[in-house]
Amino acid sequence: MSAKTINIKLKVWRQKDANSKGGFEDYQLENISTASSFLEMMDVLNEKLVNENKEPVAFDHDCREGICGMCSMFINGRAHGPDTLVTTCQLHMRTFKDGETIVIEPWRTGGFPVIKDLMVDRTAYEKIMQAGGFVSVNTGGVPDANAIPIPKHDADEAMDAASCIGCGACVATCKNSSAMLFVAAKVSQLALLPQGRVEASKRAKNMVAVMDELGFGNCSNTGACEMECPKGISLAHIARLNREFLSANIKG
Amino acid sequence: MTKLNSKIPEGKLKDKWSNYKAHQNLVNPANKRKIDIIVVGTGLAGGAAAASLAELGFKVKNFCYQDSPRRAHSIAAQGGINAAKNYPNDGDTVYRLFYDTIKGGDYRSREANVYRLAEVSNSIIDQGVAQGIPFAREYGGLLANRSFGGALVSRTFYARGQTGQQLLLGAYSALSRQIGLGNVTMYSRTELMDIVIVDGKARGIVTRNLITGKIESHFGHAVVLATGGYGNTFFLSTNAMGSNGSAAWKAYKKGAFFANPSFVQIHPTAIPQHGEFQSKLTLMSESLRNDGRIWVPKKLEDAKAIREGKLKPEDLPDEDRDFYLERRYPAFGNLVPRDVAARAAKERTDKGYGIENNPTKEGVFLDFKYAIERLGKDAIEEKYGNLFQMYEKITADDPYKTPMKIFPAIHYTMGGIWVDYELQTTVPGLFVAGEANFSDHGANRLGASALMQGLADGYFVLPYTIQNYLAYEIGTERMNPAEHEEFKKAEKDVEALIDKLMSIKGTKSVDYFHKKLGKVMWNNVGMERNEKGLKEAIEKIQEIKKEFWSDLKIPGEKNSLNVELEKANRVADFIEIGELMARDALNRDESCGGHFRSEHITEDGEAKRNDKDFMYVAAWEYKGENEEPVLHKEPLSYEEIEVKTRNYKTA
Ligand SMILES: Cc1cc2nc3c(=O)[nH]c(=O)nc-3n(C[C@H](O)[C@H](O)[C@H](O)COP(=O)(O)OP(=O)(O)OC[C@H]3O[C@@H](n4cnc5c(N)ncnc54)[C@H](O)[C@@H]3O)c2cc1C
Ligand code: SF4
Ligand code: FES
């Protein structure tokens, strides 16, 4: 894993705030270590800008280990960049070639308006969760954890769905700006477990209703979201969501 | 002269919490609606507290700096959460979990708090399952357990390598439900800037909206801080980029005592640093020590050859490998507590056996070859797949084929704001929960116990104890900050601080100062400390502070999104926290747990405690800018436990 250094050109989307018109700015960086992460490369750019008395590029990030879901860059036309099954913060510079031009944009979808530069507003996801992304239990007064055995297979599948980090790459990738994969991950996780089963169809109905209300598009099964999801959330969960949704409508 | 009253309830240790609950004051349901509670933080502690308090009927205002409460750094916890369920029938009890925690903390934590923690641990797992958390299960459908360091039983529950994520999403789901119901008002992308005290009681906070830069005030009948740890004082750590000590520090400056600031945990298994551009360190969960064996080469020349890439570690025969933890600690082997494992790695690399080709030649191996031979690759993949994937993405090495390289990293702060049994600080009405308080882990925290503590505080302790305070506040009318002198003054002070930072207009970026501070902290206040180094650290930190306030550069404006300004506010506080940490480490002239003073070592190189002079909590009181803080001591006494020298060589 010996580290080399490369020189790169960047085309970065700069936008002052939600109401301003944005545009690309070009930057040149030299001697970037291939062992550094993509965001460490962005740190180098920002340090350079600060030293030149210019405003650094605003971008979302926090854990830098692929789990908080905060980082969100559209790199060379792909959500979270060219590598698969990684978030932007886990992308490493060894994925790029010396002399390469890298285009960096924010998520572009009506559901997530730009706040500044590469930062977007994902409050819509919060609203969807508040509509039903939970089991309605209060703290305390619940049965012993081992009171209901759950088949390992179901628990594992629920865990697959529960891995969603709420990053929004699926929406940013979808040509219809659909949030189906995100919603399906939660609905499916809870529908697979006896604790969540009780409210499963009501949950599907409520979450989908808010998703529609917020202007996210319909799912036309192109599967692009699954390809770009950093956590490999499977399209099969959308099928399960549809089943729950249908049964909610039958029940009325 | 001490002002500290820990308010430990009467009675036998095992009855204290039940007695407390039986006799405490409660707020009646009709009055709860009239009471506002501010909760800063949405991690396990804050998220659980905000949701639970809202369920009880209080009106809650909840704050976090991220764009969503779901992104608090609790999300990154990998390995697991402890509970005394004894499902594996291997001899666990509440007492044993309590005992292990006190011993692991090297007899520097408060007995009554720790017992309560062990007592409520089981309810956390029940709660999580009820919320739909997909914990790992056995084929029979019951919950699975694994082992963590410092314990001889398997009591750790987990959800693959993403336990913190799943527990946090559980708390977040409960919180989302309460937000939807209108019982919690959520303020995301909002940073706490100060705490407002009215007539000696905490009554609210001043915040900065991180998008608009707007300074605002919020009233609460009580204020809860659950803002996490201050490990980022070291610049490089396993914490998130935004993790900070500022909320705790502002509380300290408003009269809350800061306890044991020097107690920092250095985690033995993080990916080694590989360059100056590095922004953070990535943890490899302690759970890996269940199946991985830690070693370095026995011969110096092999270590050198490995560093230089001339020898592949997988080609070194077993007899040339030094499994130094198994050699030194036969009873616990690779599962010794973190402080012991971290120092043992440093001992080897200091002697030249380090294997990583970085400037410091640090790094040891964590090898899964033996577990793969014993259990098969699939079993290992099932348990640790996501961690292995993360490791490969970062290093480009495949840990199924070649041993992982690891080294200790700053991970967790046991120290924090001093709280009594009720989690109340020395400022009435100000409560602190989770990693931000000092309460349960003494001088060293056992693995899988922080998640337990955060959730215990948030779900099962604070919702009770805060009512014992609020019961006397039902007559207090809601205040309107716009009409209140104390709020207006606090807002003005915050504006002045921001203006001061913006007007320095020097030449150096915030990161320059943060990195400089981090180096001093790591070298002098890190894994090994001594009097000379600590005194030097205090001087150097004071110099950094001067330079910071005269040569800092922040581009952009204050009234808009300005990341450099956010960082500057945090780093200004880290500099001061760093100094207090060094002071505390200097005062504690003994070794205990993670606090290792090279002047106090046993013959075989272990930490040598001095119970006669230092069996106390060191709680520091702020006395003003450029004044020396005053030390208050809370003596520790152990009724149910015999205080011994920690020994992980024999069980
Ligand atoms: C990589 C990693 C792995 C870990 N693994 C484990 C494990 O396996 N088992 C275990 O038991 N423990 C583990 N820990 C420790 C454990 O995760 C933490 O101690 C615990 O989650 C802290 O929870 P908390 O609620 O106190 O704080 P956090 O989760 O850090 O939450 C802090 C909250 O406060 C808010 N906040 C902070 N400052 C401000 C401010 N100034 N203004 C407004 N809001 C603010 C943040 O937005 C956030 O919502 C791990 C820690 C790390 C870093
Ligand atoms: S489904 Fe995947 S892409 Fe969509 S928000 Fe979740 S983790 Fe991100
Ligand atoms: S910064 Fe947390 S997932 Fe990328």
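Below, chains carry the letters A, B, ... as their sequence lines are ordered, and counting in each starts from 1.
- When all heavy atoms are compared, the tightest approach of A:Val50 to B:Ser509 is CG1-CB, 3.9 Å.
- A:Glu40 and B:Lys280 are not joined by a salt bridge, as no carboxylate oxygen comes within less than 4.0 angstrom of a charged side-chain nitrogen.
- Heavy atoms of B:Phe135 lying under 4.5 Å from chain A belong exclusively to its backbone.
- With a 4.5 angstrom heavy-atom cutoff, B:Ser74 does not touch chain A via any of its atoms.
- Atom OG of B:Ser279 sits about 12.5 Å away from atom CE of A:Met42, to the nearest 0.5 Å.
- The shortest distance between side-chain heavy atoms of B:Glu564 and A:Pro56 falls below 4.5 Å.
- In this structure, the separation between CE on B:Met390 and CD on A:Gln90 is 7.0 Å, given to the nearest 0.5 Å.
- In this structure, the portions of B:Ile125 lying under 4.5 Å from any heavy atom of chain A include both its backbone and its side chain.
- The choice from B:Ala136, B:Ala130, B:Gly180 that makes the most heavy-atom pairs within less than 4.5 Å of chain A is B:Ala130.
- Side-chain contact annotation: A:Glu126 with B:Ser68, donor-acceptor N/O pair under 3.5 Å present.
- Options A:Leu49, A:Thr123, A:Leu91, A:Asp60 differ in how many heavy-atom pairs under 4.5 Å they form with chain B, and the most are formed by A:Asp60.
- Heavy-atom pairs under 4.5 Å with chain B were tallied for A:Gly66, A:Ala158, A:Cys68; the largest tally goes to A:Cys68.
- Between A:Lys152 and B:Glu382 there is a salt bridge, since at least one side-chain N of the basic residue sits less than 4.0 Å from a carboxylate O of the acidic one.
- Heavy-atom neighbours of A:Tyr27 OH from other residues, nucleotides or ligands within 6.0 Å: above the threshold of 12.
- Contact annotation for A:Val137: both backbone and side-chain heavy atoms come within less than 4.5 Å of a heavy atom of chain B.
- For B:Gln66, the parts lying near chain A are the backbone and the side chain together; criterion is any non-hydrogen pair under 4.5 Å.
- In terms of heavy-atom pairs under 4.5 Å with chain A, the best-connected choice from B:Lys393, B:Met241, B:Arg70, B:Arg177 is B:Arg177.
- With a threshold of 4.5 angstrom between heavy atoms, A:Pro143 approaches chain B through N, CA, C or O but not through any side-chain atom.
- Side-chain contact between B:Pro134 and A:Gln189 is present, with heavy atoms from C-beta onward closer than 4.5 Å.
- For A:Leu193, the part lying under 4.5 angstrom from a heavy atom of chain B is the side chain only.
- Inter-residue side-chain proximity for A:Cys63 and B:His73 is flagged as met; some heavy-atom pair is nearer than 4.5 Å.
- Heavy-atom distances place both the backbone and the side chain of B:Gln131 under 4.5 Å from chain A.
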Report the C-alpha distance between A:Asp62 and B:Tyr65 in whole Å, list the side-chain angles of each, state the deciding distance to 0.1 Å, and finish with yes or no for side chain to side chain contact (heavy atoms under 4.5 Å, CB included).
CA-CA 10 Å; A:Asp62 201 30; B:Tyr65 70 76; 2.9 Å; yes
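- Heavy atoms closer than 4.5 Å to chain A are found nowhere in B:Glu276, neither backbone nor side chain.
- One distance of note links CG of B:Leu561 with CG of A:Asp117; it measures 8.5 Å at 0.5 Å rounding.
- Within 6.0 Å of NZ in B:Lys21 there are more than 12 heavy atoms belonging to other residues, nucleotides or ligands.
- To the nearest 0.5 Å, the span separating CD1 on A:Ile115 from OG on B:Ser560 amounts to 12.5 Å.
- In this structure, CD in A:Glu65 is found 10.0 Å from CG in B:Leu281, a value given to the nearest 0.5 Å.
- When all heavy atoms of A:Ile165 and B:Arg71 are compared, the pair lying nearest together is O-NH1, 3.2 Å.
- For the options A:His153, A:Glu157, A:Lys127, A:Glu47, heavy-atom pairs under 4.5 Å to chain B are most numerous at A:Glu47.
- Minimum heavy-atom separation, B:Gln178 to A:Asn138: NE2-OD1, 4.5 Å.
- Put simply, of A:Leu39, A:Asp17, A:Ile150, the one with the most heavy-atom pairs under 4.5 Å next to chain B is A:Ile150.
- Contact count against chain B (heavy-atom pairs under 4.5 Å) is highest for A:Met70 among A:Lys186, A:Met70, A:Met41.
- Looking at A:Ser163, both its backbone and its side chain come within 4.5 Å of chain B, counting heavy atoms on both sides.
- Side-chain contact between B:Arg160 and A:Met159 is present, with at least one heavy-atom pair separated by less than 4.5 Å.
- Contacts between A:Leu85 and chain B at a heavy-atom distance below 4.5 Å involve backbone atoms as well as side-chain atoms.
- Between the side chains of A:Thr139 and B:Glu55, at least one donor N or O lies within less than 3.5 Å of an accepting N or O.
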Verdict with reasoning, A:Met119 to B:Arg189, per side chain to side chain contact (heavy atoms under 4.5 Å, CB included):
CA-CA 12 Å; A:Met119 242 182 215; B:Arg189 294 202 198 262; 3.9 Å; yes
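- No part of A:Asn46 comes within reach of chain B, as not one of its non-hydrogen atoms sits under 4.5 angstrom from that chain.
- Using a 4.5 Å cut-off between heavy atoms, A:Val57 does not touch chain B at all.
- Using a 4.5 Å cut-off between heavy atoms, B:Gln166 touches chain A through its side chain atoms alone.
- Between the side chains of A:Gln130 and B:Ser176, no donor-acceptor pair of N or O atoms lies under 3.5 Å.
- B:Val129 approaches A:Ala145 most closely through the heavy-atom pair CG2-CB, 3.7 Å.
- When each of A:Gly69, A:Ser33, A:Gly133 is checked for heavy-atom pairs under 4.5 Å with chain B, A:Gly69 comes out on top.
- Interface residue B:Gln389: only side-chain heavy atoms are found under 4.5 Å from chain A.
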Dump the intermediate steps for side chain to side chain donor-acceptor pair (under 3.5 Å) on A:Tyr125 and B:Asp67, then the final yes or no.
CA-CA 11 Å; A:Tyr125 264 9; B:Asp67 70 332; over 6 Å; no
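- When all heavy atoms are compared, the tightest approach of B:Lys553 to A:Asn51 is NZ-O, 3.2 Å.
- A:Arg64 and B:Asn239 share no donor-acceptor pair across their side chains, judged by distance under 3.5 Å alone.
- Looking only at side-chain heavy atoms (C-beta outward), A:Ile32 and B:Phe277 stay at 4.5 Å or farther from each other.
- For A:Asp144 and B:Lys85, the salt-bridge test passes: some basic side-chain N is under 4.0 Å from an acidic carboxylate O.
- Contact of A:Asp160 with chain B is made through backbone and side chain together, with heavy-atom distances under 4.5 Å.
- The distance from the OG1 atom of B:Thr282 to the CD1 atom of A:Ile67 is 12.0 Å, given to the nearest 0.5 Å.
- The pair A:Asp154-B:Arg137 does not meet the salt-bridge criterion, since no charged nitrogen lies less than 4.0 angstrom from a carboxylate oxygen.
- The part of B:Thr238 that comes within reach of chain A is its backbone (N, CA, C, O), which places non-hydrogen atoms under 4.5 angstrom from that chain.
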